[in-house]
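As structure tokens, the structure follows; a few thoughts come after it.
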Amino acid sequence: GFEFGTILSRAFTLGIGYQIGNYTEITNDDVEGRPDAPSAGGNGPADFPYLANGSSKIRHTIPLVLKWTIFPNWTLSPYLGVGANVSLASFTYLNEETESKVAFGPSLNFGLDFVVSRHNSIYFDVLHNFTFDDYAIDAAGLDIEANSYAYDVLSMYALGIRHSFKPAC
């Protein structure tokens, strides 16, 4: 992914990013014992259709995050961020129907920024994008028997280089 932002003050920045991820755990595979399960010859219930093996597990997320650098004058400083995100998904079901979904939700961000020069720093970043509703991300929906939830979390962990056109010191 990537992020472009602007410096609002010594302690605050605002950034918009783009993330693409292949979430291999996105599945609502065969639920053993259900009469409509693929192993029993079914395509899944209408409100909980099963994904085809070739269904995309790629998710596109666009977060907008306001970050607060806690100690802006320190060489190594932690930061926190809050914001919002939009996530996009596409599904192919066993019955060969395809569907695109959009999810929205809050974003939480934290990390460490290590200043190495007046314009550059190295950072470690963690960004969690909460997405509602759950169905838009993994096509599972709320299913009490499957212990699923009404939301999903798409997370990103990053190590990178930050360049600022405005000097950091």
Side-chain angles (χ1 to χ4, degrees), residues 1-28 51-93 97-142 147-169:
F2 60 85
E3 180 179 283
F4 292 103
T6 186
I7 298 171
L8 302 175
S9 71
R10 295 256 319 133
F12 290 96
T13 60
L14 181 66
I16 186 165
Y18 171 75
Q19 301 166 357
I20 184 170
N22 185 3
Y23 297 89
T24 57
E25 296 300 316
I26 294 176
T27 182
N28 59 358
L51 297 177
N53 284 338
S55 185
S56 175
K57 295 181 180 181
I58 302 290
R59 300 296 175 262
H60 304 272
T61 303
I62 301 168
L64 178 67
V65 178
L66 176 68
K67 294 179 184 175
W68 171 50
T69 302
I70 299 170
F71 306 109
N73 295 323
W74 290 17
T75 300
L76 179 63
S77 181
Y79 58 87
L80 301 172
V82 295
N85 74 84
V86 172
S87 294
L88 311 167
S90 178
F91 303 104
T92 303
Y93 301 103
E97 289 181 23
T98 49
E99 183 176 26
S100 295
K101 290 287 188 177
V102 177
F104 302 92
S107 296
L108 297 176
N109 181 234
F110 61 91
L112 285 173
D113 194 41
F114 178 67
V115 177
V116 294
S117 73
R118 290 179 45 99
H119 293 277
N120 298 296
S121 63
I122 296 171
Y123 66 89
F124 173 71
D125 194 69
V126 177
L127 178 62
H128 297 296
N129 298 297
F130 295 83
T131 57
F132 299 93
D133 71 19
D134 173 57
Y135 184 83
I137 297 303
D138 63 10
L142 181 61
N147 294 321
S148 67
Y149 302 97
Y151 65 92
D152 276 310
V153 181
L154 300 177
S155 297
M156 180 189 79
Y157 304 91
L159 180 63
I161 298 171
R162 178 175 291 123
H163 177 79
S164 173
F165 294 105
K166 184 178 178 181
C169 352

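Quick caveat: nothing in here was measured; it's all calculated off a predicted structure.
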If you define the side chain from C-beta out and look only at heavy atoms, does anything of Phe124 sit under 4.5 Å from Ile122?
no
When rounded to the nearest 0.5 angstrom, what is the spacing between OG in Ser9 and CG in Leu14?
11.5 Å
Nearest non-hydrogen partners of Leu127 and Val65, listed with the distance:
CD1-CG2, 4.1 Å
Below 30° counts as parallel, above 60° as perpendicular, anything between as tilted: where do the rings of Phe165 and His163 land?
perpendicular
Worked verdict on Tyr157 versus His128 for side-chain contact (heavy atoms from CB on, under 4.5 Å)
CA-CA 9 Å; Tyr157 304 91; His128 297 296; 3.6 Å; yes
Establish, yes or no, whether a centroid distance under 6.0 Å links the rings of Phe132 and Phe130.
no
Step-by-step side-chain contact (heavy atoms from CB on, under 4.5 Å) determination, Val82 to Asn109
CA-CA 6 Å; Val82 295; Asn109 181 234; over 6 Å; no
Less than 3.5 Å apart, any donor N or O on the side chain of Ser164 or His119 sitting next to an acceptor on the other?
no
Can you say whether the rings of Tyr18 and Phe2 are parallel (under 30°), tilted (30 to 60°) or perpendicular (over 60°)?
tilted
What verdict does the side-chain contact (heavy atoms from CB on, under 4.5 Å) test give for Leu66 and Leu8, after you've listed the backbone C-alpha separation in whole Å, the side-chain angles of each residue and the deciding distance to 0.1 Å?
CA-CA 10 Å; Leu66 176 68; Leu8 302 175; 3.7 Å; yes
Check whether the side chains of Asn129 and Thr61 place a donor and an acceptor atom closer than 3.5 Å, and report yes or no.
no
If you compare all heavy atoms of Pro78 against all heavy atoms of Phe71, which two are closest, and at what distance to 0.1 Å?
CD-CD1, 3.9 Å
Using side-chain heavy atoms (C-beta onward) and a distance below 4.5 Å, is Val153 in contact with Thr131?
no
If you round to the nearest 0.5 Å, how far is CG of Asp113 from CZ of Arg162?
4.5 Å
Can a donor-acceptor pair be found between the side chains of Asn85 and Gln19 at a distance below 3.5 Å?
no
Separation between OG of Ser107 and CD1 of Ile62, rounded to the nearest 0.5 Å:
11.5 Å
Is there a donor-acceptor contact under 3.5 Å linking the side chains of Asp125 and Tyr79?
yes
Verdict with supporting geometry, Leu159 and Tyr123, side-chain contact (heavy atoms from CB on, under 4.5 Å)
CA-CA 6 Å; Leu159 180 63; Tyr123 66 89; over 6 Å; no
Main-chain N/O of Ala103 paired to Ser87 side chain as donor or acceptor, under 3.5 Å:
no
Side-chain donor/acceptor of Thr69 to backbone N/O of Pro72, under 3.5 Å:
no
